[in-house]
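Notes follow the structure.
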Amino acid sequence: MSYLKREFVIGILLLLVSGILFALSPEKVSAAFRENTALILRVALIAVVAVAISTAVHLWVPRDFVQRSLSRRSGLLLFLAPALGILTPGPVYAIYPVILVLKKKGVRMHVLVAYLTGQALIGPARIPFELGLLGGRFLLFRVVLSFFLGVLAGLLYAGLSKLLADAYPLNEPE
Amino acid sequence: MSKMTREGLRFFGSSLLRIEFLVLSGILFALSVAAYVPREGVENWGSGAGMVKTIFWAEGLGFLFPGPRYIVYPLIAVLMEGGLAAPAIIAVLTAQAIMRPDMAVIEFGLFGYRFIAKRVLSSIILATLAGIAAALLSAGLGVSLL
């Protein structure tokens, strides 16, 4: 199932559950909606800003930028990977094909895990949501934390791989 | 109109439809669930000696919350209105971002059970550390994150 279809199914499921909860107690749920109209509008507006930022990144950042950067041989890749992940827009589902390509090119799995973690934790489209709902200090903490958690994710993966090695060696088709 | 402008408008339009649909269904869901949760229930979630327990609960919620990133923010907004503390919010966001049911299924399919076993274990450690780091910063050093 493509990620678009998956997102659509998830959205429909959430609406379905909301409909059931509303049918069970219309007064309670409609009161919650009435009390939070401003919040609903705020979140909807923040989403517009998030999409605008994603569009800008989509247009101006070259698509093969990450592949070129992570394909280099360097001991600093583990630190570069989460930083590149943080800068990469798009849903995490769209990142898996990039990871498969990089894996085939010989990029080590722990570096790819660091990249995946950085990308999943925070990205350009998350910034308006976090800034608008949670504030600047929270966002700053999350960005710094995402970098360190990305590096740590790579190190943990490398450490755990000593106990449970990857099934396939690098550069070999699975 | 240049080719780049056309591409930008097309990307903006399709992304906006997709994301607004997700965000609005997410907030309707979060508000519908919140209508059934007593406000004091969430407020009691996040302070003092119960913080580590709260972080684990929040982490569990994050790991089990399926779907794209945009869906989690309406939930966070509603929980925050209910008084959820910053470390718990960090734990939910971290857990939901790095491992959740839909990601686990895809990663299992693409990279196999060894990969997903290591990813799940490290995700639990990372989300816990993230929550504890936020708790130390806010309670230990007195830095307010929200």
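Letters A, B, ... mirror the listed sequences (proteins, then strands); counts begin at 1.
Between atom OG of residue B:Ser15 and atom CD1 of residue A:Ile53 there is a gap of 13.0 Å, rounded to the nearest 0.5 Å. Atom CD1 of B:Ile124 is separated from atom CG of A:Leu156 by 11.5 Å, given to the nearest 0.5 angstrom. Taken from CG in B:Leu145 to CG in A:Leu134, the straight-line distance is 10.0 Å, to the nearest 0.5 Å. For the atom pair A:Met109 CE and B:Lys118 NZ, the distance stands at 8.0 Å (nearest 0.5 Å). B:Met103 CE to A:Tyr96 OH: the interatomic distance, rounded to the nearest 0.5 Å, is 3.5 Å.
Contact tally against chain B (heavy-atom pairs below 4.5 Å) for A:Arg126, A:Glu130, A:Arg142, A:Gln119: the top residue is A:Arg126. In terms of non-hydrogen atom pairs under 4.5 Å with chain A, the most contact-rich of B:Ala134, B:Ala117, B:Ala127 is B:Ala134. Among A:Thr117, A:Val17, A:Ile40, the residue making the largest number of heavy-atom pairs under 4.5 Å with chain B is A:Ile40. Of all the listed residues (A:Ile46, A:Leu139, A:Val43), the one sharing the greatest number of non-hydrogen pairs under 4.5 Å with chain B is A:Val43. Ranked by heavy-atom pairs shorter than 4.5 Å toward chain B, the options A:Ala120, A:Ser146, A:Ala32 are led by A:Ala120. Put simply, of B:Ile98, B:Ile125, B:Ile19, B:Ile90, the one with the most heavy-atom pairs under 4.5 Å next to chain A is B:Ile90. Listed options A:Ser25, A:Gly123, A:Ser30, A:Ala50 were ranked by heavy-atom pairs under 4.5 angstrom with chain B; first place goes to A:Ser25. For the set A:Thr55, A:Leu152, A:Ile20, the entry with the most heavy-atom pairs within less than 4.5 Å of chain B is A:Thr55.
Looking at B:Ile106, the atoms closer than 4.5 Å to chain A (heavy atoms on both sides) all sit in the side chain, from C-beta outward. Both the backbone and the side chain of A:Leu24 come within contact range of chain B, each with at least one heavy atom under 4.5 Å from a heavy atom of that chain. Residue contact with chain A, scored on non-hydrogen atoms closer than 4.5 Å, is absent for B:Arg10. In this structure, chain B has no heavy atom under 4.5 Å from any part of A:Leu16. Within the 4.5 angstrom heavy-atom criterion, only side-chain atoms of A:Val113, from C-beta onward, approach chain B. Interface residue A:Ser161: backbone and side-chain heavy atoms are both found under 4.5 Å from chain B. Heavy atoms closer than 4.5 Å to chain B are found in both the backbone and the side chain of A:Ala52. Looking at B:Leu129, the atoms closer than 4.5 Å to chain A (heavy atoms on both sides) all sit in the side chain, from C-beta outward. Both the backbone and the side chain of A:Leu164 come within contact range of chain B, judged by heavy atoms closer than 4.5 Å. Looking at A:Phe141, only its side chain comes within 4.5 Å of chain B, counting heavy atoms on both sides.
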Checking side chain to side chain contact (heavy atoms under 4.5 Å, CB included) for the pair A:Val48/B:Glu20: CA distance, chi angles, key distance, verdict?
CA-CA 8 Å; A:Val48 178; B:Glu20 285 292 2; 3.4 Å; yes

Walk me through whether B:Leu28 and A:Phe33 qualify under side chain to side chain contact (heavy atoms under 4.5 Å, CB included).
CA-CA 8 Å; B:Leu28 291 184; A:Phe33 287 165; 3.7 Å; yes

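A single hydrophobic cluster is not seen to contain both A:Val49 and A:Leu87; linkage of ILVMFWY side chains at heavy-atom distances under 4.5 Å, directly or through other members, places them apart. Cluster membership for B:Phe63 and B:Tyr113, using ILVMFWY side-chain heavy atoms within less than 4.5 angstrom, is shared. In terms of hydrophobic clustering, with Ile, Leu, Val, Met, Phe, Trp and Tyr side chains grouped at heavy-atom distances under 4.5 Å, B:Leu31 and A:Ile12 are assigned to a common cluster. A:Val51 and A:Leu45 fall into different hydrophobic clusters, defined by Ile, Leu, Val, Met, Phe, Trp and Tyr side-chain heavy atoms under 4.5 Å apart, directly or through other members. Taken together through direct or relayed side-chain contacts under 4.5 Å among Ile, Leu, Val, Met, Phe, Trp and Tyr, B:Leu84 and B:Leu64 form parts of separate hydrophobic clusters.
The minimum heavy-atom distance linking A:Leu14 with B:Ser25 is given by the pair CB-O, 4.0 Å.
Using a 4.5 Å heavy-atom threshold, the side chains of B:Leu110 and A:Leu100 count as touching. In this structure the side chain of B:Glu107 reaches within 4.5 angstrom of the side chain of A:Leu116, judged on heavy atoms. Residues A:Asn36 and B:Val78 form no side-chain contact, since every pair of their non-hydrogen atoms from C-beta on lies 4.5 Å or further apart.
The local environment of CZ in B:Phe108 is sparse, with at most 12 non-hydrogen atoms from other residues, nucleotides or ligands closer than 6.0 Å.
Each of B:Val72, B:Leu93, B:Val23, B:Ile76 was evaluated against A:Phe129; a single residue qualifies, B:Val23, per the side-chain contact (heavy atoms from CB on, under 4.5 Å) test.
A donor-acceptor distance shorter than 3.5 angstrom exists from the side chain of A:Arg137 to the backbone of B:Ser144, with no hydrogens or angles considered. With hydrogens and angles ignored, the 3.5 Å screen pairs a side-chain donor or acceptor of B:Arg114 with a backbone N or O of A:Ala165. Of the possible donor and acceptor atoms, none in the side chain of B:Tyr36 sits under 3.5 Å from a partner among the backbone N and O of A:Val29.
Applying the ring pair (Phe, Tyr, Trp, His ring centres under 6.0 Å) rule to pairs touching residues 4-33 of chain B yields A:Phe8-B:Phe21, A:His58-B:Phe11, sequence neighbours excluded.
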